[in-house]
Each structure stands twice: as C-alpha cells, then as structure tokens.
S.K.: 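Let me give you the structure first, and then I'll get to my questions.
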Amino acid sequence: MAMGRFDEAIAEGRRAEELDPLSPIISTDLGANLTRARRLDEAIAQFNRTLTLDPNFYAARYALATAYHAKGIMPKLSPSIERLWP
C-alpha cells in the first residue's frame, strides 16, 4: 500500500473479503488497514469478526490488542494479550 492511500487499501480489502469471506488472513489485513487509517472502532470490530472465524488466529489477536492500545483502552489490552498464548 502506498503511503496515505488508506481508502483504496480498505476498499480492496473489502472486495477481497467478499471473494473469500472465510479467510482470517484477508479479514486481519483489512483490520490492519483500518488501524493504519486510524479508524480504530472499525478496526476493532473487524478483528473481532476475524476471531469469530478462527478464535486462535494469533495475528488477529495481536492486531486487536494493538488497536485497543492505539485507542488508549488499556483495560482491553491486557486480556487481548493474555489470550495470545493459550
């Protein structure tokens, strides 16, 4: 993704998700782009959707904790980190 082209990256991620709605990788990548765009509430919701696909998907758990941290929600960060390691 070129710098600052968040809207394009998010749109492409949404299209990819439509093509493969069960991919936790695509879902997490979309959440990461939402985080980079500082659309943190959407990113958190996206990572939570990813975790409904695969509750043990490490990348989504880590990214969720990162999004909570970026939003300044420390109470949510700790449980998210703890769940990284089953």
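This is a predicted model, so every value here is computed, not measured.
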S.K.: For Leu19, which fellow cluster members are found when Ile, Leu, Val, Met, Phe, Trp and Tyr are connected by side-chain heavy-atom distances below 4.5 angstrom, either directly or through intermediates?
M.R.: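 Listed partners: none, Leu19 stands alone.
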S.K.: Determine, using the 4.5 Å side-chain heavy-atom cutoff (strictly less than), whether Ile73 and Leu51 are members of one ILVMFWY cluster.
M.R.: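 Yes; tracing contacts between hydrophobic side chains, which count when under 4.5 Å, links both residues.
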S.K.: Among all residues two or more places apart in sequence or in another chain, which pass the side chain to side chain donor-acceptor pair (under 3.5 Å) test with Thr50?
M.R.: Ser27
S.K.: Should Arg15 and Glu18 be marked as a salt bridge (charged side-chain N to carboxylate O under 4.0 Å, His left out) after you check the CA-CA gap, both sets of side-chain angles, and the distance that decides it?
M.R.: CA-CA 5 Å; Arg15 280 192 285 278; Glu18 287 174 9; over 6 Å; no
S.K.: Give me the other members of the hydrophobic cluster that Phe57 sits in, counting Ile, Leu, Val, Met, Phe, Trp and Tyr linked by side-chain heavy atoms under 4.5 Å, directly or via other members.
M.R.: Ile25
S.K.: Please report the interatomic distance CG(Leu40) to CZ(Phe47), rounded to the nearest 0.5 Å.
M.R.: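 One finds 9.5 Å between CG of Leu40 and CZ of Phe47.
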S.K.: Would you compute the distance between atom CG of Asn33 and atom OG1 of Thr28 and round it to the nearest 0.5 angstrom?
M.R.: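 OG1 of Thr28 is found 11.0 Å from CG of Asn33.
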S.K.: Can you tell me how far apart CD1 (Ile10) and CD (Gln46) are? Round to the nearest 0.5 Å.
M.R.: 10.0 Å
S.K.: Check salt bridge (charged side-chain N to carboxylate O under 4.0 Å, His left out) between Asp7 and all other residues, then give those that pass, not counting sequence neighbours.
M.R.: Arg39
S.K.: Using the test salt bridge (charged side-chain N to carboxylate O under 4.0 Å, His left out), find all partners of Arg38 that sit at least two apart in sequence or belong to another chain.
M.R.: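 Not a single residue meets the salt bridge (charged side-chain N to carboxylate O under 4.0 Å, His left out) criterion with Arg38.
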S.K.: Quick one: do Glu17 and Arg14 make a salt bridge, cutoff under 4.0 Å?
M.R.: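 No.
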S.K.: Taking all atoms of both residues into account, what is the closest heavy-atom pair of Gly31 and Ala43, and its distance?
M.R.: O-CB, 3.6 Å
S.K.: How close do Ile26 and Gly13 get, heavy atom to heavy atom, and via which atoms?
M.R.: CG2-O, 4.1 Å
S.K.: Apart from Leu53 itself, which Ile, Leu, Val, Met, Phe, Trp or Tyr residues share its cluster (side-chain heavy atoms under 4.5 Å, direct or through members)?
M.R.: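 Same cluster as Leu53: Leu22.
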